[in-house]
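Start at 1 with the first residue, then count along the sequence.
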Amino acid sequence: MDPFALQQAARTRTFRLVPLAAVAIIATAVATGLVFLLACWGVWLYFGNADLACDATEAGIAAFCRAYPQVGAACFVFSFLLIALATLSKFFGLSSGDMLMKSIGATRLRRGKVSSDAEADLARDRFLNVCEEMSIASGLDMPTVWVLEGEGGVNALAAGTDPSSAAVCVTRGALEWLTRDELQGVVAHEFSHILNGDMRLNFRLTALVAGISSVSRFGKGMLSLLGGDGEDGSCVIVVPRGKSKGKGGGPLPLLVIYVLTGIALWLVGSIGTFFARLVQCAVSREREFLADAASAQFTRNPEGLANALRFTYLADVVGGGRAFGAWKGDVSHMLFASTGDSLFETHPPVKERIRRLSPRGETAADESVKSRINAVKERRRAMAKAANENFAKSVSRARGLKAADVSLADAKVQPAVLASARSPAKAGGMLTALLRGQAPEGWVGEISAAERRTLALRCVNTLRDGASISQRRHWAEEAERVVQEDGMYDSFEMMVMASVRRRLLSDGRIPKMVPARALLPVAARVIATVASFGGDPEGGYVAAGRKLSLFGPALPPMPEPYDDATEILAALDSLMHLPPLAKRELLTGLKETIAQDGKVTDEEADYVAAVADAIGAYGWSIRA
């Protein structure tokens, strides 16, 4: 590869894109000024000039502008000020690299700082050494160096609007999983962002997008002010009255002008934001190619960065989504790696980045990369198994139940069949066989409900860890087709589909938290559904209510259980939005429900497993 030619090509494409951002912000400002001008013209007609409506020459907007030129100028000045203030506010909030690192919870590294973990200290010293090497190679001053300790995935970012305020951060997972050559390539990539002014450019584009979006927020704010509370609690609209002149009098015309202005501002801002975001993401993708090429120049080893990309892609360990929280939208273009292929993706496809760096392609991983990918998958399997066992033990504490009765932990499965369940090539076929009520190939004797549950979840986990995105989608669709062959769902099929939806079809987005009280009706029907499989449904439902303090003062009267699988799967999806403590309460309540009659049926175990898995709380420790 020729890193210098790749850099020149990326710079050329960037310079062609940046002027489009200026066009977007100027067009939005002008359109906003026109909306304000039209609103002022409407108010002018309303307050004392309605008689002019019969004369288009005297009542037209051109006549208004000639009569009140200062109003027209004020409209356009106000629109530019609105966008400029929002732009500056966002820019200054992002300008300091150290401030941003502190806000996302990163820890600064310094020489000589020793902890109780010698291996971790060695990894951090290696990171500092690599940063110093890249500082020399790039000719930049040493930036501040940070580690995001709470993120086990692999990622990195650079921040700061100039080299003097720059900061470089990597996740704990990057230090743990990447080799020295790979880490050097990643750090060199981030140094390139600093050297080439990518941070300053991206900060400016982010601020411009925020400025344009302020127009739509302004319009939405206008519309939100429409309502007020009447004496009886109803919504009333208060509109100031002006002169009443024939058909032009009364508050209705002024209300129409106000509403249309708010809607127009929202539309102008939304359209402007859409096109500005397109430009910003296109620029960000080109700068990623530029940073990759510069990294190869600094390290003289393009395979180091290529292997880092191969590892994050093949092992699916891109990190940072949850750690960055509210900053995710602002820092996504600064990250080393990202996921997704949407129109607003800030990074080029990983395959294309690897292809430009290495002639071997994206899947030609060496033995070191392959061994680490297998280690990641094995760790996930161990964590999933431990989570299942912990959940079973916690439920078994309810009223002296035994773990064997609960049947949520991994049952002892015949080794030959378990080996097949761990193979991505065989897991899909085994899952469909289990859904058809068949014993897996090679199974000796009868298969129990607990063994079926264990094997099904093992197959889903194997597909999640070892299959490609298209293969996951294929097997999810195949599972849905098999389940619908007889036109109905049983509890086992519902449990499997809940796991499939969460593990194979999830888009990885962080669910927005919703207050538990808002989801009380859904939670109540889910509890009633689980209770309906016990010996005392009403008693089981009431027992759960004693544990749900966050959902409100009391459960409503026991509702009808869900009798449609589509409805209960949708309900489980909505319960994913519960706050963490509410999820724990829900599982605690279900524990009381299934323990009410002193035994656990297969249906109860299936439904509790489905609820826990679907809301992302499988394996939580629950104490009475």
_Thr179 and Glu182, any side-chain heavy atoms less than 4.5 Å apart_ = yes

_Between Glu133 and Arg180 (salt bridge meaning N to carboxylate O under 4.0 Å), is one present in this structure?_
yes

_So, using side chain to side chain donor-acceptor pair (under 3.5 Å) as the criterion, who are the partners of Ser499 when residues are at least two apart?_
Arg503, Asp613

*Using the six-membered ring of Phe289, assess whether NZ or CZ of Arg356 lies under 6.0 Å from its centre and within 45 degrees of the ring axis.*
yes

*Partners meeting salt bridge (Lys or Arg N to Asp or Glu O under 4.0 Å) with Glu149 (sequence neighbours left out)*: Arg124

*For Phe80, does the CZ atom sit with more than 12 other heavy atoms under 6.0 Å from it, leaving out its own atoms?*
yes

*asked:* Closer than 4.0 angstrom, basic N to acidic O: yes or no for Glu352 and Arg355?
replied: yes

*Less than 4.5 Å apart, any side-chain heavy atom of Val376 and any of Trp177?*
yes

*Arg353 NZ/CZ over Phe336 ring centroid, <6.0 Å and within 45° of normal*: yes

*Compare all side-chain heavy atoms of Leu109 with those of Trp146 and state whether any distance is below 4.5 angstrom.*
no

_Side chains of Thr299 and Leu305 in contact at under 4.5 Å (non-hydrogen atoms)_ = no

*4.5 Å side-chain heavy-atom contact, Tyr313 and Lys351*: yes

*Would you kindly say whether Ser213 and Arg217 are connected by a side-chain donor-acceptor distance under 3.5 Å?*
yes

_Any donor-acceptor pair under 3.5 Å linking the side-chain atoms of Ser358 with those of Arg310?_
yes

*Is the closest side-chain donor-acceptor distance between Ser468 and Arg472 under 3.5 Å?*
no

*side chain to side chain donor-acceptor pair (under 3.5 Å) between Arg372 and Ser368: does it pass, once the steps are laid out?*
CA-CA 6 Å; Arg372 282 177 285 140; Ser368 172; 3.3 Å; yes

